[in-house]
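Reading through the structure tokens given below for one structure.
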Amino acid sequence: METLINMQTNEKIYIAGHRGMVGSAIKRRLEKAGFTNFVTRTSSELDLRNQAAVEAFFAAEKPEYVFLAAAKVGGIVANNTYRAEFIYDNLMIQNNVIHQAYVHGVKKLMFLGSSCIYPKLAPQPLKEEYLLTGLLEPTNEPYAIAKIAGIKLCDAYRSQYGADFISVMPTNLYGPNDNYDLQNSHVLPALLRKFHDAKEKGDPAVTIWGTGTPLREFLHADDMADACYFLMQQYSEPGPINIGVGKDISIADLAAMIRKIVGYEGELQFDTTKPDGTPRKLMDVSKLTGLGWKASIHLEEGIRSVYKEKF
Ligand code: GFB
């Protein structure tokens, strides 16, 4: 296939959110490809919610490419608890970065979203065209609305100004630099921590939130970053493009897999006072695979590697 954009390894790349799981994976992938000219700021050095600060940053640094991986993120309970922060912070961050990328003539910007942008009860697997065809999952509606606004912002700047801004929607992710906080994290790191701690302490049971029946798809952050690098060069269209593996697993089966990996021998208990969230979120990845990209890290293998690295 013909490459749309030939990014040169000395061109200046701004990765917003370079210390997070997503941004750090993208940085590793670009470094592996030989890129050297990165501009980064921690959140204490640059508050992306601050319009004047973001404007000054772009004016001073003038990056040529932008990966917008900075966001307020978390698992189902964090999304449902910090509802104001999830919508406000994310809208502010993306408005500021996307607008300044346009003002300062960034050659290409990639906006990262999430599979929760699709309607709660959309047909499965989730095709990109299901966006805005139904009501969202209530627990993460503020986050999803912000991410949908980001997609529409990129599309509007593309159609009015001809900006080459694309939106990619990864499925549920795991990998290095994930958040392992038991209240605010996503299910996969939370279960690794819960099983590990229970094994260490000799606890007789581990508590899994919800019924265990929801189905989720999990992609290793390194696979996601590889897809982002591929899409940055090969893709230039409005609307979201899904990044996933095209295969899902129930939370109960995921728990059983993690229990085995950790080597925990106690019981599983299900706390049904905690929310299940969307019953199923399986990405249709035919658009991405049609372009020639496929995930390569097998789930069990990927979990083993993050477990070994973290604990
Ligand atoms: O990973 P998770 O928080 O995100 O939860 P979502 C997935 C499923 O795992 C839910 C169950 O059914 C949870 O109830 N679960 C079981 C647990 N035990 C645990 C646990 O100890 N911790 C957590 N966190 N879950 C988020 C969205 O939804 O996914 C975001 O809220 C975003 O907006 C993100 O899209 C990728 O897949 O339900």
Side-chain angles (χ1 to χ4, degrees), residues 20-22 69 71-83 85-87 89-91 112-122 124 126 131 136-151 167-175 178-198 203 205-221 224 240 242-245 248-259 262 264 268-283 299 303 306:
M21 179 173 64
V22 170
K72 172 99 188 165
V73 300
I76 190 165
V77 165
N79 267 266
N80 202 22
T81 308
Y82 308 109
R83 297 178 71 87
E85 290 171 52
F86 271 78
I87 189 164
D89 289 6
N90 286 312
L91 284 173
L112 285 108
S114 154
S115 55
C116 68
I117 58 155
Y118 295 113
K120 173 175 179 143
L121 301 176
Q124 305 284 325
L126 297 160
L131 181 66
L136 298 164
E137 153 63 26
T139 54
N140 59 34
E141 191 187 65
Y143 178 74
I145 291 282
K147 290 294 180 185
I148 294 169
I151 298 169
S167 302
V168 303
M169 300 302 122
T171 190
N172 289 32
L173 300 170
Y174 69 100
D178 207 346
N179 168 14
Y180 285 82
D181 173 88
L182 285 181
Q183 280 310 305
N184 296 326
S185 67
H186 290 100
V187 61
L188 198 152
L191 293 187
L192 278 173
R193 170 155 307 287
K194 283 183 185 176
F195 281 111
H196 178 77
D197 290 354
D203 287 346
V206 159
T207 303
I208 315 293
W209 293 353
T211 59
T213 57
L215 293 153
R216 293 291 184 272
E217 177 183 2
F218 297 95
L219 179 73
H220 192 284
M224 176 234 47
N242 296 338
I243 304 179
V245 287
D248 57 4
I249 179 171
S250 74
I251 297 302
D253 286 348
L254 176 75
M257 188 185 279
I258 293 178
R259 177 175 180 265
V262 172
Y264 173 71
L268 308 188
Q269 278 170 357
F270 291 89
D271 175 2
T272 53
T273 64
K274 289 284 196 298
D276 267 347
T278 310
R280 192 175 189 199
K281 255 196 304 189
L282 175 65
M283 293 290 213
L299 181 60
I303 299 176
V306 293

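In each ligand, atom 1 is the first atom listed, and ligand 1 is the first ligand listed.
For Glu85 (side chain) and Lys72 (main-chain N/O), no donor-acceptor pair under 3.5 Å exists by modelled atom type. When atom types are taken as modelled, the side chain of Tyr143 and the backbone of Gly74 share no donor-acceptor pair closer than 3.5 angstrom. Between the side chain of Lys194 and the backbone N or O of Thr207 there is at least one donor-acceptor pair closer than 3.5 Å.
The residue Ala78 has no part lying near ligand 1, judged by heavy-atom distances below 4.0 Å.
By the 4.0 Å heavy-atom criterion, Asn172 is counted among the residues contacting ligand 1. Ligand 1 lies out of reach of Ser115, whose nearest heavy atom is not under 4.0 Å from it. Not close to ligand 1: Glu137, with no non-hydrogen atom less than 4.0 angstrom away.
Closest to atom 30 (C) of ligand 1 among all protein heavy atoms lies Asn79 ND2, 3.4 Å. Among protein heavy atoms, atom 3 (O) of ligand 1 sits closest to Ile76 N, 2.7 Å. When hydrogens are left out, the protein atom nearest atom 8 (C) of ligand 1 is Ile251 CD1, 3.6 Å; that is the closest non-hydrogen contact. When only non-hydrogen protein atoms are considered, atom 34 (C) of ligand 1 lies nearest to His186 NE2, 3.2 Å. Regarding atom 35 (O) of ligand 1, its nearest protein heavy-atom neighbour is Ser114 OG, 2.8 Å. Nearest non-hydrogen protein atom to atom 1 (O) of ligand 1 is Val187 N, 2.8 Å.
Numbered from 1 in the order shown, with element, the atoms of ligand 1 that lie under 4.0 Å from a heavy atom of Lys281 read 6 (P), 28 (O), 29 (O), 35 (O), 37 (O). Taking every heavy atom of Tyr143 and a limit of under 4.0 angstrom, the matching atoms of ligand 1 come to 33 (O). Atoms of ligand 1 lying under 4.0 Å from any heavy atom of Ala190, numbered from 1 in the order shown and given with element: 20 (C), 21 (O), 22 (N). Less than 4.0 angstrom separates some heavy atom of Asp276 from each of these atoms of ligand 1: 10 (C), 12 (O).
Nearest to atom 16 (C) of ligand 1 by heavy atom, out of Tyr174, Tyr118, Trp209, is Trp209. Proximity annotation for atom 13 (C) of ligand 1: of Gly277, Pro275, Pro214, Pro275 comes nearest, heavy atoms only. Residue Arg216 holds the heavy atom nearest to atom 6 (P) of ligand 1 of all those in Lys194, Arg216, Lys274, Glu217.
Side-chain N/O atoms of Asp276 and Thr211 include a donor and acceptor closer than 3.5 Å.
The number of heavy atoms from other shown groups lying within 6.0 Å of OH (Tyr82) does not exceed 12.
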